[in-house]
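For reference, the structure discussed in these notes is given below.
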Protein chains: 2
Amino acid sequence: MGRDGTPTRNKILAESKQLVFENGFSGTSIDQILERTGITKGAFFYHFKTKNALAKALIEEFAREDIHHMNEALKKTEDLKGDALDRLLRFIQEFIDMMCEVDEPYSCLYASYTYEPNQFDEETLNRIAETILTWRTTMEKLINDVLKKYDTKIEVDIQSLADHTVVIFEGAFVVSKALKGKDLTADHLRHLKNYFELIFEKKK
Amino acid sequence: MGRDGTPTRNKILAESKQLVFENGFSGTSIDQILERTGITKGAFFYHFKTKNALAKALIEEFAREDIHHMNEALKKTEDLKGDALDRLLRFIQEFIDMMCEVDEPYSCLYASYTYEPNQFDEETLNRIAETILTWRTTMEKLINDVLKKYDTKIEVDIQSLADHTVVIFEGAFVVSKALKGKDLTADHLRHLKNYFELIFEKKK
DNA sequence: TTTATTGTACCAACTAGTCTGTTTAAAATT
DNA sequence: AATTTTAAACAGACTAGTTGGTACAATAAA
């Protein structure tokens, strides 16, 4: 039954993600995507019914990978469950290491879409919120584990502390892109780690 | 000689800034701007030679206001120069107060432009970097003042600590837009304030 | 053969930008 | 003070190119 279209589909996804980071979504034309991929219009519209279907597929894939990274980092730190603070710090360290490996400023589709929200349907935008809320839940769990044996030196709202990680990711991406300094992202995650380190103190 | 064009020019700037936040820059058509302002094409292109001239004017105005806010906050805290840490914390508090007053998620043109960089010329993008670096310089000064009487509990790089404020602004804007929670921005500035509070300890 | 893919010509709507002309208000002249 | 001049400010029809999307023929594997 016909040939295998998945390489084509993947090429479209990969190249258009890149293009969206360079030009924004509405600044990226389908013709540009065709040129970059060497694919024709027929093939494109076979795989994606509309340009917005591509937008949705892009965010879907990006969100899946994002949550996958998060879960991988959770797994890698499972052995530290004994000291929940150690684990939390190692969890952040995983992403510091990840960001050190990259060789150009990292970009995030959430921010990209968020700054031209009218281009997308509710469902697409909800997918972004949903993923950020998944991060929130995960971080809340990690933090609450810490709070079993630690107090906070300053009174803090746990939910917003949980969100703070995503905030620093997003902010660091923007600034590192604007200043063209790929190392900035890791630096700011280190500050987040510092904050976690400083805010908790062992219960007596 | 002729009528006064500044109200028209200002209306164009105000409405197109709003449109850029909703649709992105390349997602905003000149026709849309005309519709929103009730102005005609002739008037638009009288005030701005090209669409990119508008982009530049927008970022110019935004940057000027941004630096103005920064300097206002500096002025308002001058009386606290005696204790540099107090001053730093009050400086951040100024922006917390500012963000509490707003009644919808705040948006930043720096992030908007940064996520479709190919739409703009070098000069426009440089204006963004320049402004962020002005923030860096200001924060470095505030922090170095603190360091005269305080040590840091954890070894930190001053430059990246200085940048951290902008990072948290930008990240908080993105997340508060994505989650449609206008209060989030202030919350995360509070975390920044906490961080500053925790990281410094009086020299003996 | 059949069905999943891909190629290409085409279209209506929209894009940024131009062109020519009109209005307006202040300054120069009477 | 009334009139004319001047240039800034605006109006809106027009254009050449681009946009997302369609129709349908061609091709390739099962």
Side-chain angles (χ1 to χ4, degrees), chain A residues 1-59 109 112-113 116-121 123-124, chain B residues 1-59 61 112-113 116-121 123-124:
Chain A
M1 12 156 115
R3 42 195 151 158
D4 182 18
T6 50
T8 304
R9 195 188 131 95
N10 287 336
K11 215 197 289 187
I12 295 173
L13 286 172
E15 294 297 331
S16 38
K17 184 170 73 175
Q18 200 49 45
L19 279 166
V20 169
F21 288 145
E22 294 165 15
N23 313 315
F25 181 74
S26 58
T28 300
S29 72
I30 289 167
D31 283 347
Q32 271 177 292
I33 297 172
L34 304 185
E35 204 180 347
R36 257 306 229 266
T37 53
I39 279 161
T40 59
K41 226 160 213 198
F44 179 90
F45 280 103
Y46 170 76
H47 288 285
F48 303 98
K49 228 162 112 177
T50 65
K51 198 191 174 193
N52 263 279
L54 170 67
K56 212 167 147 184
L58 278 175
I59 207 74
L109 270 190
S112 178
Y113 282 23
E116 41 180 339
N118 284 5
Q119 308 298 336
F120 310 101
D121 52 31
E123 217 178 336
T124 300
Chain B
M1 352 164 130
R3 40 193 151 162
D4 182 17
T6 49
T8 304
R9 195 188 132 95
N10 287 337
K11 216 199 285 188
I12 294 173
L13 286 171
E15 294 297 330
S16 36
K17 186 171 72 176
Q18 200 49 47
L19 278 166
V20 169
F21 287 145
E22 293 165 14
N23 313 314
F25 181 74
S26 57
T28 300
S29 74
I30 289 166
D31 283 344
Q32 272 177 291
I33 297 171
L34 305 184
E35 205 181 350
R36 268 283 240 275
T37 52
I39 279 163
T40 60
K41 222 152 217 201
F44 179 89
F45 280 102
Y46 171 76
H47 287 285
F48 303 98
K49 227 162 111 175
T50 64
K51 197 191 173 192
N52 264 278
L54 170 67
K56 211 167 151 185
L58 277 175
I59 207 74
E61 193 191 51
S112 178
Y113 282 24
E116 42 179 339
N118 283 5
Q119 309 296 334
F120 310 100
D121 52 32
E123 217 179 334
T124 301

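Quick note: numbers below take in every heavy atom, side chains included, and nothing from hydrogens, waters or symmetry partners. Numbered from 1 within each chain, the chains take letters A, B, ... in sequence-line order. The model shown is predicted, which means the values in this text are computed figures rather than measured ones.
- Summarising the geometry, the separation between CG on Asp31(A) and C1' on dA9(C) is reported as 13 Å, rounded to the nearest angstrom.
- If you take CZ of Phe44(A) and C1' of dC24(D), they are 19 Å apart, rounded to a whole angstrom.
- When the options Asn10(B), Asp4(B), Thr8(B) are evaluated for a side-chain hydrogen bond (donor to acceptor under 3.5 Å, both in side chains) with Thr6(B), the one that passes is Asp4(B).
- Phe45(B) places its CZ atom 17 Å from the P atom of dT15(D), with the value rounded to the nearest Å.
- Residue Lys41(A) places a side-chain atom within donor-acceptor reach of the base of dG21(D), judged by atom type and a 3.5 Å distance cut-off alone.
- The 5' end of DNA chain D is approached more closely, in terms of each residue's nearest nucleotide, by Ile30(A) than by the other of Ile30(A) and Gly42(A).
- For Lys51(A) and Phe25(A), the positive end sits near the middle of the six-membered ring, less than 6.0 Å away and at most 45° from its axis.
- Remark: C1' of dC14(C) and CD of Gln32(B) are 11 Å apart, rounded to the nearest angstrom.
- Proximity of a side-chain donor or acceptor of Thr50(B) to a complementary backbone N or O of Ala53(B) within less than 3.5 Å is detected.
- Asp4(A) has its CG atom 14 Å from the C1' atom of dT3(C), to the nearest Å.
- Summarising the geometry, the separation between CZ on Phe48(B) and P on dA9(D) is reported as 12 Å, rounded to the nearest angstrom.
- Using a cutoff of 4.0 Å between basic side-chain nitrogens and carboxylate oxygens, Lys56(A) and Asp121(A) are not scored as salt-bridged.
- If you check dT15(C), dA4(C), dA9(D) against the side chain of Tyr46(B), the one that comes closest is dA9(D).
- Distance Leu34(B) CG to dC14(C) P: 14 Å, rounded to the nearest Å.
- OP1 or OP2 of dC10(D) lies within a sub-4.0 Å distance of a side-chain N or O belonging to His47(B).
- Regarding contacts with the backbone of dT6(C), a side-chain N or O of Thr8(A) is found under 4.0 angstrom from either OP1 or OP2.
- Of the side-chain N and O atoms in Ser29(A), one or more sit less than 4.0 angstrom from OP1 or OP2 of dT19(D).
- The phosphate of dG20(D) (OP1 or OP2) has no side-chain N or O of Thr50(A) nearer than 4.0 angstrom.
- Across all strands shown, Ser26(B) has no heavy atoms under 4.0 Å from either base or sugar-phosphate atoms.
- Taking every side-chain heavy atom of Thr40(A) into account, dG7(C) is the closest of dA16(C), dG7(C), dG21(D).
- As a whole-Å value, the separation of Glu35(A) CD from dT19(D) P is 10 Å.
- Summarising the geometry, atom CG belonging to Asn52(A) is positioned 7.0 Å from atom CZ belonging to Phe120(A); distances are rounded to the nearest 0.5 Å.
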